[in-house]
Amino acid sequence: MTVIRPRQLTRKLSGRTSSTWRRSPGDEQAEEYRHQGRPWSHSYLWRLRTTDTAIIVAAIGAAFVLRFGPDDVATQVSGLPVPYLMISLLIGLSWSIALSAGHTRDARVCGMGLTEYRRVVSASALTFGVLAIVFLVAKVDIARGYFILALPLGAVALLASRWLWRKWLIAQRRYDHYLSRAIVVGDAEDVGYVASQIQAKSGAAYHVVGVALDDPDRSAVSIDSRELPVVGGLGDVREATTRLGVDTVIVAGQPRGGSRFIRNLGWALEGTSADLVLASRLTDVAGPRIHFRPVEGLPLIHVEIPQFEGGKHVLKRLLDIVVSAAALLVLALPMLVIGLIIRIGDPGPALFRQERVGRNGTTFTMLKFRSMVVDAEARLAALSEKNEGNGLLFKMKNDPRVTPIGHFIRKFSIDELPQLWNVLVGDMSLVGPRPPLRREVDAYESHVHRRLYIKPGLTGMWQVNGRSDLSWEESVRLDLYYVENWSLTGDLVILWRTARVLLHPTGAY
């Protein structure tokens with residue numbers, strides 16, 4: 001989504017207002033609401049500001065004590081002694097200003113995760129980079145140990161604080177707290193899609209209170225199990241925004257009137273507290289692939305084409321080698337014990353080998369701890385009518401072929417650990433789509449073959465979004481989204497979320 005903040009301007013054309021909307025009797029109410037702003041954001045941002053200040057003071061204080069001890073120490077500035085207390089105050093004040101100037105507490109990024117964290121890290125690094133140059137030019141004889149300690153201590157603490165506040169905020173939003181009130185504007189189909197996506201995401205930050213349609217004769221729009229009231233037509237958006245105390249107007253797709261309608265809507269929202277958000281028709285395209293290139297007032301959206309070779313993939317392979325090798329060394333003894341338990345519990349090999357399809361359709365032998373009886377494959381045909389899986393995948397919640405120890409290791413994905421060897425030798429990656437069987441690939445629709453453009457993963461989007469509880473269509477959508485939008489940062493996030501899912505498993509059977 002693209003956010004546009006309407007400016008407080010009065011536009012006139014030939015002595016008349018160029019907007020198709022007129023000032024209404026509700027403008028005084030809009031003006032009052034504009035000064036009030038989002039009621040929830042003030043208290044939340046005050047909490048962030050207080051926490052950030054406390055962390056900065058604590059980080060600088062801790063660095064001072066660790067480097068110098070409790071004694072009062074002075075440094076030299078152009079030959080004159082200056083207490084480190086003054087230097088500390090300068091660092092702390094500069095750091096706090098940078099966090100504000102870097103929009104790390106912007107209501108539009110609160111709870112957004114990577115975007116918020118990236119801004120915090122950038123503001124912190126910029127602060128210390130600029131101060132280092134200033135101290136060098138001003139010949140401030142500052143202890144490097146003190147200077148270097150404060151940055152990592154504070155940055156890590158700030159990120160941990162923002163993470164905890166984000167968890168709290170998302171938990172509140174599940175109960176419709178701390179959400180921006182929104183109306184969605186457009187035709188019924190586009191409005192329905194955008195509203196359903198917002199409703200499905202607990203961290204979407206919006207609470208849709210109504211819709212404005214190009215066909216206002218309808219009384220409501222059905223979104224899953226919820227009825228959204230129609231608050232008016234496309235010409236009633238400003239009045240509805242004022243009357244309902246709306247924070248955000250979301251334009252879905254390309255409503256009737258096109259760019260002229262969006263321009264006039266932006267003008268009409270001047271004087272209110274509402275943001276104007278454009279929901280692009282681009283689907284399953286991650287933010288880093290999207291760039292804006294305005295040309296003489298024409299906002300061009302540049303979408304990067306996915307690349308499946310190059311330096312980024314080399315770095316991904318290096319991460320795979322380092323992490324899988326380290327994990328195999330650490331887990332070698334536990335894996336040996338698990339293998340012995342499997343053999344004692346059910347006679348037969350500890351490992352299960354199966355041919356899977358990898359990148360570009362090549363096949364490899366995937367390893368797993370055996371969680372089923374030895375003749376599980378021979379029994380599969382007899383159970384085909386009891387399939388509870390999604391689409392091409394066979395799944396049963398109470399599969400009679402699973403051994404007692406198999407239930408446990410499947411629940412916590414322990415059976416997948418031998419695939420660390422597949423990652424090390426290059427057949428798989430730590431993160432990627434699920435490695436499919438040949439019969440599954442043979443039944444793929446043409447677009448689903450894009451799952452094979454990168455290596456299959458030990459974990460992936462499906463692992464952290466419901467696993468076997470997902471429908472086939474949703475599994476494919478998540479895999480294709482990953483294939484086209486993956487990044488090293490995203491991989492690290494998925495690995496972190498996988499660790500959390502393993503502690504609280506869902507959809508594993």
Side-chain angles (χ1 to χ4, degrees), residues 327-328 331 334-358 363-423 427-428 432-444 448 451-452 456-476 478-479 498 501-509:
L328 285 170
L331 298 174
M335 288 173 66
L336 178 61
V337 173
I338 293 169
L340 290 174
I341 294 175
I342 291 172
R343 297 200 63 172
I344 293 173
D346 185 76
L351 292 178
F352 174 70
R353 293 173 170 82
Q354 189 175 51
E355 186 178 89
R356 296 291 181 110
V357 179
T363 58
F364 67 97
T365 301
M366 189 186 74
L367 303 177
K368 297 180 70 173
F369 279 126
R370 183 171 59 87
S371 60
M372 293 185 174
V373 295
V374 177
D375 60 343
E377 290 293 304
R379 298 190 192 181
L380 179 60
L383 298 172
S384 59
E385 294 182 357
K386 299 180 180 180
N387 183 18
E388 301 172 11
N390 46 34
L392 303 177
L393 308 179
F394 180 87
K395 288 286 183 179
M396 284 184 64
K397 289 186 177 179
N398 297 299
D399 195 323
R401 301 173 299 163
V402 179
T403 63
I405 185 63
H407 283 289
F408 177 80
I409 64 175
R410 286 163 73 101
K411 179 178 181 179
F412 294 96
S413 295
I414 297 173
D415 58 326
E416 311 285 356
L417 289 180
Q419 290 167 35
L420 288 168
W421 176 256
N422 291 118
V423 175
D427 295 327
M428 296 175 60
R434 192 190 69 85
L437 295 165
R438 171 56 67 183
R439 65 171 180 270
E440 296 171 1
V441 174
D442 292 341
Y444 278 175
V448 184
R451 296 172 81 245
L452 306 178
L458 179 62
T459 184
M461 296 285 287
W462 60 276
Q463 179 90 11
V464 298
N465 285 281
R467 302 165 80 173
S468 297
D469 289 340
L470 295 173
S471 66
W472 169 250
E473 292 75 15
E474 185 65 9
S475 297
V476 170
L478 289 174
D479 281 343
T498 299
V501 168
L502 293 181
L503 296 177
H504 305 283
T506 58
Y509 50 86

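Counting from 1, the numbers follow the sequence of the chain as shown.
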Hey, what do you get for [atom1] ([X]) to [atom2] ([Y]), rounding to the nearest 0.5 Å?
X      : Y      : atom1 : atom2 : value
Ile338 : Leu417 : CD1   : CG    : 6.0 Å
Thr363 : Leu437 : OG1   : CG    : 12.0 Å
Met366 : Phe352 : CE    : CZ    : 7.5 Å
Arg343 : Leu351 : CZ    : CG    : 9.5 Å
Phe369 : Arg410 : CZ    : CZ    : 14.5 Å
Lys411 : Ile409 : NZ    : CD1   : 13.5 Å

Original post:
So, Arg451 and Glu440, do they make that salt bridge, N to O below 4.0 Å?
Top reply: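 Result for this pair is no, no salt bridge flagged.
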
Original post:
What pair of heavy atoms forms the shortest contact from His407 to Val402, and how long is it?
Top reply: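 In this case the closest contact between His407 and Val402 is N-CG1, 3.5 Å.
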
Subject >> Pro418 versus Leu367, closest heavy-atom pair with distance >> reply: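 That would be CB-CB, 3.8 Å.
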
**OP:** Using modelled atom types only, decide if a donor and an acceptor are shared between the side chain of Thr365 and the backbone of Gln354 within a distance under 3.5 Å.
**Re:**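 No, the answer is negative, given that no donor and acceptor are paired below the 3.5 Å cut-off.
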
**OP:** Report yes or no: does Asp479 contribute a side-chain atom to a donor-acceptor pair with the main-chain N or O of Met461 at less than 3.5 Å?
**Re:**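 Not confirmed, Asp479 side chain does not pair with Met461 backbone.
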
side-chain contact (heavy atoms from CB on, under 4.5 Å) partners for [X], two or more places apart:
X      : answer
Leu340 : none
Pro456 : Phe364, Met428, Pro435
Leu328 : Met335, Leu420, Trp421, Leu424
Leu452 : Val357, Pro436, Val441, His449

Subject >> Pairs meeting criterion salt bridge (charged side-chain N to carboxylate O under 4.0 Å, His left out) with involvement of residues 363-372, two or more places apart >> reply: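 Found Asp346-Arg370, Lys368-Asp415, Lys368-Glu416.
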
Subject >> Partner residues of Glu355 under the side chain to side chain donor-acceptor pair (under 3.5 Å) criterion, sequence neighbours left out >> reply: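 Counting only residues at least two positions away or on another chain, Glu355 forms no side chain to side chain donor-acceptor pair (under 3.5 Å).
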
